[in-house]
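Hydrogens, waters and symmetry mates are skipped; everything else that's a heavy atom, side chains included, is used. Residues take their numbers from the sequence shown, with the count starting at 1.
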Amino acid sequence: MRKMKLNRREALKLLAAGTAISVLDSSSLAQAALPVAGAHPPYKQAHLPIEVRIKDLLHRMTIEEKARQLDMYAGVYKPVKTTHENIDVVKKTGLIPDQLKELWGDIGVGSIHDLYPSATLSNSIQEWVMSNTRLGIPVMFIEEGLHGYPDGTVFPSPLNLAATFHPEIAKRTGAAIAAEARANGVDMILAPVLDLAREPRWGRVEEDFGEDPYLTGQLGLAYVEGAQGDSLSSDHTVVAEPKHFVGHGSPESGTNTSPVHIGERELRSVMLKSFEPAIRQGHAMAVMAAYHEIDGIPITSNPHVLLRILRDEWGFQGFVLSDLGAIRRLNEDHRVTSSPKESVCLAINSGVDMQFYDFEHDVFQGAIVEGIHDGTLSPAALDRAVSAVLRVKFALGLFDRPTVDPSLDAKVRRSQEHLDLSLESARQSMTLLKNENHLLPLSKSLKKIAVIGPNANVARYGDYADESKGAKVSMLSGIKAIVPDATILFDDGKDISAAVAKARDAEIVILGLGESPDVSGEGHDRSDLNLPGNQQALLEAVAVTGKPVVLVLQNGHPLTVTWAAQHIPAILEAWYPAEFGGTAIAQTLFGDNNPAGRLSVSIPKAVGQLPDFYNYDPSKFAHYAGSDSDIKPLFPFGFGLSYTTFEYSHLTVDAPALQTKDDIIVTVKVTNTGKVAGDEVAQLYLREHVTTVETPVKSLKGFSRVSLAPGEERTIIFRVPQEQLAVWDVEDRWAVEPGNFTAWVGGSSEATLSAFFSLKP
């Protein structure tokens, strides 16, 4: 390319037109003139340490090339005419080189999203980028994959995964999704969601692992370890991106993107704890910065969170991606900046490394170029951001092995192993809330069964999944398969009188109620948590028939089914169990699967109780009076019934001296006292009696899912690191304070078996 001397106005004009600019001033000229020719510049030498390669490449890059690495481009399946400012056209069936030349010039591209390529397409794009750009920096393909890569295996929703209380299932799920994505050239998945579901009206509760920081932290860690594996430089691992950093699950009024009202102590003691294991132990290499603000400071302009805590304290080495449009919100919604340029520079200075469709490319990249020249953007901040993106690309092995084997997809996409895992996850998530007089499991000798309701003949997948794809096993089809000789009377419940007539003609009624994608998921925050539409009326009308009724819920919010809990003998919470959910539900109803799912969110009696998470501060109900609502939730965190019974005994605590730093050892014996085999989720809760700052009434510090045969007993050992008991004290530091504690162990957050212990200097 011919070298030109341009003033800033001319340069920005060319940049806006999509022209590749190599020189803006003498310093850019010096960088552009660095030798890239030659057999192997250091950044292309695979044997060199990544940090050496980053330093060499960074030194060779122009400001424009740096800006481009921080930009995300949108992919679509075929050329379309659109006025959307962020749609960049990539043809699915092959490349149009002239199109890419016009789009990217010769300065490269940071990432591509919303393309969902085949291996052939991603390989073609990668080869073009590395052969036709000045430095040959590979592109990073970033896609959604919360509980399944599109057109691949659909796994149960994260809320289901949390209900399993089984980190190994989470790890295997992360690994399966990663393998299916990477086989198509996708390098990064926008998951897991590690927000805490402390505002159940929020539409995205179904994306979370629940309300508890410890449970979420452990499942998030397992998911990240599964997705990223032992090395990102493989054909089956991807970058995992915990989101939405941080506190996004407690928005004001339950509305997405609203302010979050917490202080520094709650931020550190609760909200950050759900992310910390995935970052510090799991070494997640990306994080998504959330939309909202905390105490007036938007996350995308919060260096305290994104730089001091995430990078300096936790040692995060990956890159921070803004949530879609979150940088733009600095100007348009938060109003802490006066222009797009100021928003871009403030975000990067504060710790954001890549935009997500915030501004048109010429605006975003031009802001970086101009910001460097007028001092609005720190050169050190720009280099930090670019280095973070490059570090991830090097870790993925993209510089050395940029393409994937096109034959791999057929081996891993919807493999039998992955399909079996989806079913197993659904089975393990089934949560029995009520079983009066042991109505469940049902007899397979039943002759006539009414299956009624809007969720009875559809497989509910949850948000970020396409219900038109996959196996689509509904509850109705699952029941038909398990009792093929029974007469099944189906009604969708739209006409209540017709549904009641079928209920009267049956031996038993199975009601499939809950939510649809129209009322749950991103963009579907709710003002109440009642059964939607006519479902409450349908429920009550069917109950009046006097027939035994089993209520099966498939939903993304914890619903206030208080009437059902009082009048319906059996309730099974299935959440969104995905493509084989109908099989898992039927197997549970008829006894082929003994339910052992546990609630990862408390279910309130009414929205007037909110917030109703179990680990509230003791002052909340210290002098409880004057309210028309019971303080207890309808069903508590950690709760779930079984077709067998369990007994806890012999609880002991071995507490070491503080200065030893040894773990606290808690042991308990669990016995299956029933007549059938089953899984129990033993849960450990702790509380220090007196602390220098107020702490929750109890906090989950350990859990273990165990399988026990009838009469079998097992001794479970919990090891609690002393730092798990640290409080963010009045001196704004972590401290394990000496004192007296109570430990509770049992099958829910209302465990009663307890032991006293002390931690002394």
So, do [X] and [Y] sit near enough that their side-chain heavy atoms are less than 4.5 Å apart?
X    : Y    : answer
H373 : I63  : yes
F394 : L57  : yes
I309 : H304 : yes
P156 : H147 : no
V386 : L70  : yes
L103 : V109 : no
F399 : I137 : yes
L161 : F209 : yes

Is a donor from one side chain sitting under 3.5 angstrom from an acceptor on the other, for [X] and [Y]?
X    : Y    : result
D114 : Y357 : yes
Q365 : R68  : yes
Y149 : R182 : no
H248 : D195 : no

Donor-acceptor check, side chain of [X] to backbone of [Y], threshold 3.5 angstrom: yes or no?
X    : Y    : answer
S258 : P251 : no
S274 : L194 : yes
S122 : A119 : yes
R311 : G318 : yes
Q45  : L48  : no
D323 : H292 : no
D405 : S407 : yes
D358 : R328 : yes
R329 : T257 : yes
K341 : G366 : no

Q. Stepwise, does the side-chain contact (heavy atoms from CB on, under 4.5 Å) test hold for L272 with W314?
A. CA-CA 11 Å; L272 286 167; W314 290 4; 3.8 Å; yes

Any chance you could measure [X], atom [atom1], to [Y], atom [atom2], to the nearest 0.5 Å?
X    : Y    : atom1 : atom2 : result
S131 : D106 : OG    : CG    : 13.0 Å
T337 : E332 : OG1   : CD    : 9.0 Å
E342 : N349 : CD    : CG    : 10.5 Å
I294 : I299 : CD1   : CD1   : 4.0 Å
S343 : H334 : OG    : NE2   : 10.0 Å
I372 : I368 : CD1   : CD1   : 8.5 Å

Shortest non-hydrogen contact between [X] and [Y], atoms and distance:
X    : Y    : result
N331 : S339 : ND2-N, 3.5 Å
R414 : D151 : CD-O, 3.9 Å
V154 : E579 : N-OE2, 2.8 Å
W202 : T255 : CD1-C, 4.4 Å
S231 : T237 : O-OG1, 2.8 Å
A183 : V404 : O-CG2, 3.8 Å

Q: Return each pair, listed once, that meets salt bridge (charged side-chain N to carboxylate O under 4.0 Å, His left out) where at least one residue sits in residues 226-247; pairs must be two or more places apart or across chains.
A: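 Only E144-K243 qualify under salt bridge (charged side-chain N to carboxylate O under 4.0 Å, His left out).
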
Taking only residues two or more places apart in sequence or in another chain, which ones pass ring pair (Phe, Tyr, Trp, His ring centres under 6.0 Å) with [X]?
X    : value
F275 : F245
F141 : none
Y461 : none
Y464 : none

Q | N256 vs R204, side-chain contact (heavy atoms from CB on, under 4.5 Å): CA-CA, chis, key distance, verdict | A | CA-CA 8 Å; N256 199 37; R204 307 186 73 172; 3.8 Å; yes

Q: Can you establish whether the number of heavy atoms outside E417 located under 6.0 Å from its atom CD is more than 12?
A: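 Atom CD in E417 is not crowded, with 12 or fewer foreign heavy atoms closer than 6.0 Å.
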
Q: Kindly indicate, with the supporting measurements, whether the criterion side-chain contact (heavy atoms from CB on, under 4.5 Å) is fulfilled by M61 and Y43.
A: CA-CA 12 Å; M61 298 174 73; Y43 77 90; over 6 Å; no

Q.
With side-chain contact (heavy atoms from CB on, under 4.5 Å) as the criterion, how do I142 and F356 come out once you've worked through the C-alpha distance, each side chain's angles and the decisive distance to 0.1 Å?
A. CA-CA 11 Å; I142 302 174; F356 195 149; over 6 Å; no

Q. When you look at K66 and D383, which way does the salt bridge (Lys or Arg N to Asp or Glu O under 4.0 Å) test go after all the steps?
A. CA-CA 8 Å; K66 292 178 180 180; D383 284 355; 2.8 Å; yes

Q: Would you please test R134 and E64 for salt bridge (Lys or Arg N to Asp or Glu O under 4.0 Å) and show each step?
A: CA-CA 12 Å; R134 192 179 76 88; E64 299 77 26; over 6 Å; no

Q | Basic-acidic side-chain contact under 4.0 Å: E180, R413 | A | no

Q.
I'd like to know if D353 and R384 make a salt bridge, using a cut-off of under 4.0 Å between side-chain N and carboxylate O.
A. yes

What pairs of donor and acceptor atoms, side-chain ones from residues 281-291 against any protein atom, are under 3.5 angstrom apart with sequence neighbours left out?
| residue | atom | partner | partner atom | Å |
| --- | --- | --- | --- | --- |
| Y291 | OH | L324 | O | 2.8 |

